[in-house]
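Accompanying notes for the structure given below.
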Amino acid sequence: MISITLPDGSKRNVDSGTTALQVALSISEGLARNVLAAEVNGEVVDATRPLTQDSSLKLLTWSDEGGKSTLWHSSAHLMAESLEALYPGIKLAIGPPIENGFYYDIDFINYSFSQEDFPAVEKKMLELARSKNEYIRKEISKSEAIAYFTHKDDPYKLELINDLEDGSITFYTQGNFTDLCRGPHIPNTGFIKAAKLLNVAGAYWRGDEKNKMLTRVYAISFPKQSELDEYLVLLEEAKKRDHRKLGKELGLFHFSQKVGSGLPLWLPKGADLRSRLQSFLQTAQKKDGYLPVITPHIGSKELYETSGHWAKYGADSFRPIETPQEGEMYMLKPMNCPHHCEIFASEPRSYRDLPLRLSEFGTVYRYEQSGELHGLTRVRGFTQDDAHLFCTADQVKEEVGKVIDLVLYIFKILDFKDYLAQVSLRDTGNPSKYIGSDANWEKAEKAIQEVADEKGLKTVVELGEAAFYGPKLDFMVRDAIGRKWQLGTVQIDYNLPERFDLEYTGADNLKHRPVMIHRAPFGSLERFVAILIEHCAGQFPLWLTPEQVRILPVSEKFNEYAKSVSTELENYDIRALVDERNEKVGKKIREAELEKVPYMLVVGVEEQKNRTVSARKKGEGDQGVLSIGDFASRLNREVEEMLSR
RNA sequence: GCCGGUGUAGCUCAGCUGGCCAGAGCAGCUGAUUUGUAAUCAGCUGGUCGGGGGUUCGAAUCCCUCCACCGGCUCCA
């Protein structure tokens, strides 16, 4: 007998060799029907694996991450089986579960595979799923494994096996399909009730662009058809929120082939939104003692040689600009920090000047590969809400803490409720990737982790994700429909002060090296606006939206009155436009609603006579008649409440 | 940059197994209407079918090439 501890702390004694599935069955048949995998002593394994020693056991279902990924992993095998049945001879590479579904990388040899082929594959998958084939695990020797895939003539699997230790190799078989796989898997294919292929894309074998490009087939599956339907609704919703679509519809920004790809043109409404975000942050930063600076869009190549960026990124940058007479070389500014270092160096600094916080909405230009460009989220020219904090080593923690507070304030005002901090540290096994001394790295890494803890941030640590000059703390947010985005960043840098030979005079009258902290709460305004658009589905908060109010005269006879209302609102700092077109109110309302204008004011003969407005709120309808002043104070109160929470 | 897909008026799209002058709705313009809480009516303008080259008696339609965009990969100071 062995003792099994369940998550609620209860213990059960069972015969050695009992499977998790049997334990589930002993609890309830309903549970057993839903068990996809088991977590035994913290490790996710097949629910059909025999338990041979005292263990803690958690039965994983669809509501557990481990359950989901197991179902998806098994679905990847099912898809591979289906594809192999439909396209005999294809070569399989790898097929893991991912955050939303799974994929399989496949060499389709001479077949062409496209979207039109999806339904047939889905049909085959469901057909095979219905036969409830068990996933059978088999431990196999390396030579047997090699023999199997040599016979099957699959070079990718052979390459994978080659890298595996003999004795640790397992195969999983379901129906007529056997795959090299560590597992775990669901008990049988019958758990997969719905499957949908999502898209195909190219992917290099083992992620290396020198290798052959394989076809990656993305798909998702569910234990219930209704779950798939819900997922498809979510995809539709994401499409509706796409900032590229909304940006066009709401007149925020535009891309012109003539201007160049990846170079956004901000239209009047977008520019208004953006500058409003900018002044919102500026106001907050002023309170935190930031000093605005302005630096040019180009800088001499030498500046970047000093910073080290030339050596690191020079080859992947826009080519330097040369002066016609003198032959001097200038770089389009890819970073603001070297310029800011020179501002620090512009005069002798005392420890009394520190921390010195230099901020700039600095526009930078970076060459991005053409295939990388994406709406406003990945562009070649963008404006960072940048700042560099020069401080003493002792001040690092406090400064990082203040930046965290600032970021959290922004999240609160802009209604990002779900976020976590990613702490990016060195990959200690690969020191050549980084510059700076070990001692400095350790100090910086410790400071960043400690502050994150003290601020009570939900944190994940990623090894090897640090910048080459120092550790980072990045904020990841989830938007209104659950997608993850990387936003603000804080980075500690012991390197640039060294390279620019920055120093200050300490209380001891000796020269000391300052520490530099890079930080950008939004990251870039372009990217942030894109994320904000998708987060709020184009319905910007009242304080931020370019057009707060649209005034709708009932007929052209009231255009003059409407304009006088707009002027009066302007005196209350309210942004209003008049729809002077010769159209009916119904149409004007419809369009204002579609353009997501928060308030509409209908004005006609009654309103003109009494100097009132008939207010309508977007999505809510008629709010009744009130005086212009009352409407203005109501709106301004709403704005104040938003900004003071 | 790489793989695959897409590219027709300002926008959304039809036409695309090659063959009458390339279409629709919305937007725009003109006129009528003077309008009360999600689309008033009529008329008109607008496209060298992404650019270039080729096949053909004939190309939006087939082929090549370049560009841009979309989905990924690689990259991201």
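Values in this document were obtained by computation on a predicted structure and should not be read as measured data.
A donor-acceptor contact shorter than 3.5 Å links the side chain of Arg499(A) to the backbone of Thr306(A).
Rounded to the nearest Å, the gap between the C1' atom of A24(B) and that of U8(B) is 12 Å. Only the P atoms considered, C44(B) is 49 Å distant from C3(B), to the nearest whole Å. For the C1' atoms, the distance linking U48(B) with A9(B) amounts to 13 Å, nearest Å. C21(B) and A60(B) are spaced 11 Å apart, taking the P atom of each and rounding to whole Å. When the P atom is used for both G50(B) and C57(B), the distance is 25 Å, rounded to whole Å. A distance of about 37 Å separates the P atoms of C67(B) and G28(B), rounded to the whole Å. Of the C1' atoms belonging to C49(B) and C41(B), the separation is 32 Å, rounded to the nearest Å. Rounded to whole Å, the separation between the C1' atoms of A38(B) and G5(B) comes to 37 Å.
Looking at heavy-atom distances under 4.0 Å, Glu607(A) makes contact with a base. Note on Gly207(A): only backbone sugar-phosphate atoms sit closer than 4.0 angstrom, heavy atoms only; bases stay farther off. Within the nucleic acid shown, Glu249(A) has no heavy atom closer than 4.0 Å to any nucleic acid atom. Within 4.0 Å (heavy atoms only), His374(A) reaches sugar-phosphate atoms of the nucleic acid but no base atom. If you check every strand for non-hydrogen atoms under 4.0 Å, Val603(A) touches nothing. Counting any heavy atom pair closer than 4.0 Å across all strands shown, Phe113(A) reaches no nucleic acid atom. Ser261(A) comes within contact range of the sugar-phosphate backbone alone, with a heavy-atom separation under 4.0 Å but no base atom that close. Residue contacts for Gly586(A): at a heavy-atom cut-off of 4.0 Å it reaches the sugar-phosphate backbone alone, with no base atom in range. Lys587(A) comes within 4.0 angstrom of the backbone, heavy atoms only, and of no base. No contact: Lys588(A) has no heavy atom under 4.0 Å from any strand. Using a 4.0 Å heavy-atom criterion, one finds that Arg216(A) contacts the sugar-phosphate atoms exclusively. Arg378(A) comes within 4.0 angstrom of a base, heavy atoms only. Tyr469(A) comes within contact range of the sugar-phosphate backbone alone, with a heavy-atom separation under 4.0 Å but no base atom that close. Across all strands, Val602(A) comes closer than 4.0 Å to base atoms (heavy-atom distances).
The pairing partner recorded for G25(B) is C11(B), the criterion being a Watson-Crick or G-U wobble arrangement whose two distances lie under 3.5 angstrom. In this structure, G58(B) makes no Watson-Crick or G-U wobble pair, since no nucleotide meets both defining distances under 3.5 angstrom. Applying the Watson-Crick and G-U wobble criteria (two distances, each under 3.5 Å), G1(B) pairs with C73(B). As the counterpart of A68(B), U6(B) is assigned, both hydrogen-bonding distances of the Watson-Crick or G-U wobble pattern falling under 3.5 Å. Base-pair partner of A38(B): not found among the strands shown (Watson-Crick or G-U wobble, both distances under 3.5 Å).
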Practice problem: Would you please test Arg244(A) and Asp242(A) for salt bridge (charged side-chain N to carboxylate O under 4.0 Å, His left out) and show each step? | Solution: CA-CA 5 Å; Arg244(A) 294 165 298 188; Asp242(A) 192 316; 2.5 Å; yes

Self-check item: Audit row: Glu159(A), Trp205(A), side chain to side chain donor-acceptor pair (under 3.5 Å) steps and yes/no
Solution: CA-CA 11 Å; Glu159(A) 195 177 323; Trp205(A) 165 236; 3.1 Å; yes

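Atom CG of Asn211(A) is separated from atom C1' of C3(B) by 14 Å (rounded to the nearest Å). Atom CD of Gln491(A) and atom P of C76(B) are 13 Å apart (whole Å). The distance from atom NZ of Lys248(A) to atom C1' of C13(B) is 13 Å, rounded to the nearest whole Å. The CD1 atom of Ile551(A) sits 19 Å away from the P atom of G36(B) (whole-angstrom rounding). In this structure, Ile517(A) places its CD1 atom 18 Å from C1' of A77(B), rounding to the nearest Å. Atom CD in Gln115(A) sits about 16 Å away from atom P in C70(B), given to the nearest Å. The distance between atom CD of Glu305(A) and atom C1' of A77(B), rounded to the nearest whole Å, is 16 Å.
Between Ser370(A) and Asp208(A), the one whose closest nucleotide on RNA chain B sits nearer the 5' end is Ser370(A). Checking Leu214(A) against Arg581(A), the closest nucleotide of RNA chain B that is more toward the 5' end is the one next to Leu214(A).
Among the nucleotides A77(B), C3(B), A38(B), the one closest to any side-chain atom of Leu594(A) is A38(B). Listed candidates were A77(B), G36(B), G72(B). Nearest to the side chain of Ala201(A) is G72(B). Of all nucleotides listed (U40(B), G36(B), C76(B)), C76(B) comes nearest to the side chain of Tyr313(A). Out of A77(B), U37(B), U34(B), the shortest distance to the side chain of Ser555(A) is found at U34(B). For Pro334(A), the listed nucleotide lying nearest its side chain is A77(B); candidates were G71(B), A77(B), U40(B). Here the side chain of Glu556(A) is nearest to one of C11(B), U34(B), A77(B), namely U34(B). Distance from the side chain of Gln369(A) is smallest to C75(B) among A77(B), C75(B), U37(B). The side chain of Glu591(A) sits closest to A27(B) out of A77(B), C75(B), A27(B). The side chain of Met213(A) lies closest to C3(B) when the candidates are G1(B), C70(B), C3(B). Nearest nucleotide to the side chain of Glu593(A), out of A77(B), A38(B), C73(B): A38(B).
Contact of Tyr367(A) with G1(B) (side chain to base): no donor-acceptor pair of N or O atoms is detected under 3.5 Å. Under 3.5 Å, the side chain of Arg366(A) and the base of C75(B) form no donor-acceptor pair of N or O atoms. The base of G7(B) does not come close enough to the side chain of Gln257(A) for any donor and acceptor atom to sit less than 3.5 Å apart.
Ring planes of His388(A) and His518(A): perpendicular class, angle over 60° (limits at 30 and 60°). In this pair, His243(A) and His374(A) present their aromatic rings tilted. The plane angle is within the 30 to 60° band. Under the 30°/60° scheme for interplanar angles, the aromatic rings of His297(A) and Tyr365(A) are found to be tilted.
Here Tyr218(A) does not lie in a stacked arrangement on the base of G72(B), lacking the combination of planes under 30° and ring centres under 5.5 Å apart.
Note on Lys617(A) versus Asp622(A): no salt bridge recorded, every NZ/NE/NH1/NH2 to OD/OE distance being 4.0 Å or above.
For Lys196(A), the NZ atom is loosely surrounded, since the number of other residues' heavy atoms within 6.0 Å does not exceed 12.
Proximity of the aromatic rings of Phe631(A) and Tyr599(A) is defined here by a centroid distance below 6.0 angstrom, and this criterion is met.
Between Arg519(A) and Glu399(A) the shortest side-chain heavy-atom distance does not fall below 4.5 Å.
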